[in-house]
Amino acid sequence: MNRSVVFALVGLLALGCLLGGYMLTRPRDLNANRQENSVATINAPDSNRLLPSASPPKTPVEQAESDYLEAEGAADRIEIIRKVAALPDAKSNMPLLRKALVADASEDVQLEALTKSVELAEKEGLGTLIEVIRGALSAPKDKVQQQALREARKHPSPLFVPDLIEIADGKAAHRFLAVDALAFTEDPRAKAKVLEVASKTDGDKTERVRAVALLAKTRDTNANELLHQLSGSSDDELRKVANEVIEALKAK
């Protein structure tokens, strides 16, 4: 074999070794690059990933409700009720006012809730006002029910009559306030109830005297006979009141 052929074979062999070594090392480099890229991708900050958003701030009403639940003293709860009732968008049917009116442990807090509810309802319309007062007429706390009866007297409505008659037949602590509210209501049922109390001979005398006096307000013609009888009564107090009512009715 001549020398030129030998050199050619040696050259081809060397080239083959180089190509083989390159092919063996190339996949490793690619794999390494792929792994590095994967690690970089994992560790890189994700600009598209959403961070947890903060809770939206509470509205003034929501904050007041939260403060009310956390308040331990009645004075603190009363102050919270006053603040929430003073808000521009305050309504008489706000959950906080309703809850305080029917469920608060303190009678004073319930009274404040009723007062503020009535004030707001007066601005909202007669229908809303009647709804608020009727709800309070059945309140379990004595002072709250008594205040509701006074509100019913100030804002007379035939819609109160069934509730007032029921109370007038109930607890002594509330009877006269109910009769008093009925006397200011232009309703035949209300007038009849006042006359019934004024006619009782076996009931509480003080209540009867007051009911007779209220006949000047009801101006019920059905009471004329009773007033005539009482004007000649042997009971000085009843006679005096009956005559005063008769004179008052003549003057009108």
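Quick caveat, the model's predicted, so the values are computed rather than measured. Below, each value reflects all heavy atoms present in this structure, side chains not excepted, and no hydrogens, waters or symmetry copies.
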Q: Please report the C-alpha distance between Thr218 and Leu182 in whole Å, then the side-chain angles of each, then the deciding distance to 0.1 Å, and finally whether the side-chain contact (heavy atoms from CB on, under 4.5 Å) criterion is met.
A: CA-CA 9 Å; Thr218 63; Leu182 285 167; over 6 Å; no
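- Using a 4.5 Å heavy-atom cutoff, the side chains of Val179 and Arg210 are not in contact.
- When all heavy atoms are compared, the tightest approach of Ala71 to Asp76 is CB-CB, 4.0 Å.
- Residues Val61 and Glu65 form a side-chain contact, since some pair of their non-hydrogen atoms from C-beta on lies under 4.5 Å apart.
- Shown here for Val109 and Ala74, the closest heavy-atom pair between the two residues is CG2-O, 3.6 Å.
- Side-chain atoms of Arg175 come within 3.5 Å of backbone atoms of Gly170 as a donor-acceptor pair (strictly under, hydrogens ignored).
- For Glu124, the CD atom is densely surrounded, since the number of other residues' heavy atoms within 6.0 Å is greater than 12.
- In this structure, the side chain of Ser66 does not engage the main chain of Glu62 through any donor-acceptor pair within 3.5 Å.
- Residues Arg189 and Pro162 are in side-chain contact: their nearest non-hydrogen atoms beyond the backbone lie under 4.5 Å apart.
- Residues Leu97 and Ile130 do not share a hydrophobic cluster, defined by chaining ILVMFWY side chains whose heavy atoms lie under 4.5 Å apart.
- To the nearest 0.5 angstrom, Asn243 atom CG is 5.0 Å from Ser231 atom OG.
- Considering Arg239, Arg208, Lys240 as possible partners of Leu230, the one that fulfils the side chain to side chain contact (heavy atoms under 4.5 Å, CB included) test is Arg208.
- Note on Val161 and Leu214: same hydrophobic cluster, where clusters join Ile, Leu, Val, Met, Phe, Trp and Tyr whose side-chain heavy atoms are under 4.5 Å apart, directly or indirectly.
- Considering every non-hydrogen atom in both Ile133 and Ala148, the closest pair reads CG2-O, 3.7 Å.
- Put simply, CZ on Arg77 and CG on Leu96 are 11.0 Å apart, with the number rounded to the nearest 0.5 Å.
- Separating the CD atom in Glu119 from the CG atom in Leu129 is a distance of 11.5 Å, to the nearest 0.5 Å.
- Across Asp104, Leu101, Leu149, a single residue satisfies side chain to side chain contact (heavy atoms under 4.5 Å, CB included) together with Val144, and that is Leu101.
- Between Lys191 and Glu186 there is a salt bridge, with a side-chain nitrogen of the basic residue lying less than 4.0 Å from a carboxylate oxygen of the acidic one.
- Side-chain contact between Asp202 and Lys200: present, with at least one pair of heavy atoms (C-beta onward) separated by less than 4.5 Å.
- Using modelled atom types, no side-chain atom of Thr185 and backbone atom of Asp187 make a donor-acceptor pair closer than 3.5 Å.
- One hydrophobic cluster, built from ILVMFWY side chains closer than 4.5 Å, cannot hold both Phe176 and Phe184; they sit in different ones.
- Between Glu131 and Lys91 there is no salt bridge, since no side-chain N of the basic residue sits under 4.0 Å from a carboxylate O of the acidic one.
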Q.
Lys143 vs Gln147, test: side-chain contact (heavy atoms from CB on, under 4.5 Å). Steps then yes/no.
A. CA-CA 6 Å; Lys143 289 183 180 179; Gln147 182 59 33; over 6 Å; no
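- One N or O on the side chain of Gln145 and one on the backbone of Leu137 form a donor-acceptor pair closer than 3.5 Å.
- The same ILVMFWY cluster, assembled from side-chain heavy atoms under 4.5 Å apart, contains both Leu215 and Leu177.
- For Glu196, the salt bridge (charged side-chain N to carboxylate O under 4.0 Å, His left out) partners two or more places apart in sequence, or in a different chain, are Lys193.
- Under the 4.0 Å criterion applied to side-chain N and carboxylate O atoms, Lys205 and Asp235 are assigned as salt-bridge partners.
- Side-chain polar atoms of Gln146 and Asp142 form no donor-acceptor pair below 3.5 angstrom.
- Side-chain contact between His228 and Glu225 is absent, with no heavy atoms from C-beta onward closer than 4.5 Å.
- Ion pairing between a basic and an acidic side chain is recognised when a charged N comes within 4.0 Å of a carboxylate O; Glu151 and Lys154 show such pairing.
- Contact record, Lys141 with Ala105: NZ-O, 3.8 Å, taken as the closest heavy-atom pair.
- Criterion: ILVMFWY side-chain heavy atoms under 4.5 Å apart, direct or through other members. Under it, Ile246 and Leu195 are part of a common hydrophobic cluster.
- Taking all atoms of both residues into account, the shortest heavy-atom contact from Val194 to Ala211 is CG1-O, 3.8 Å.
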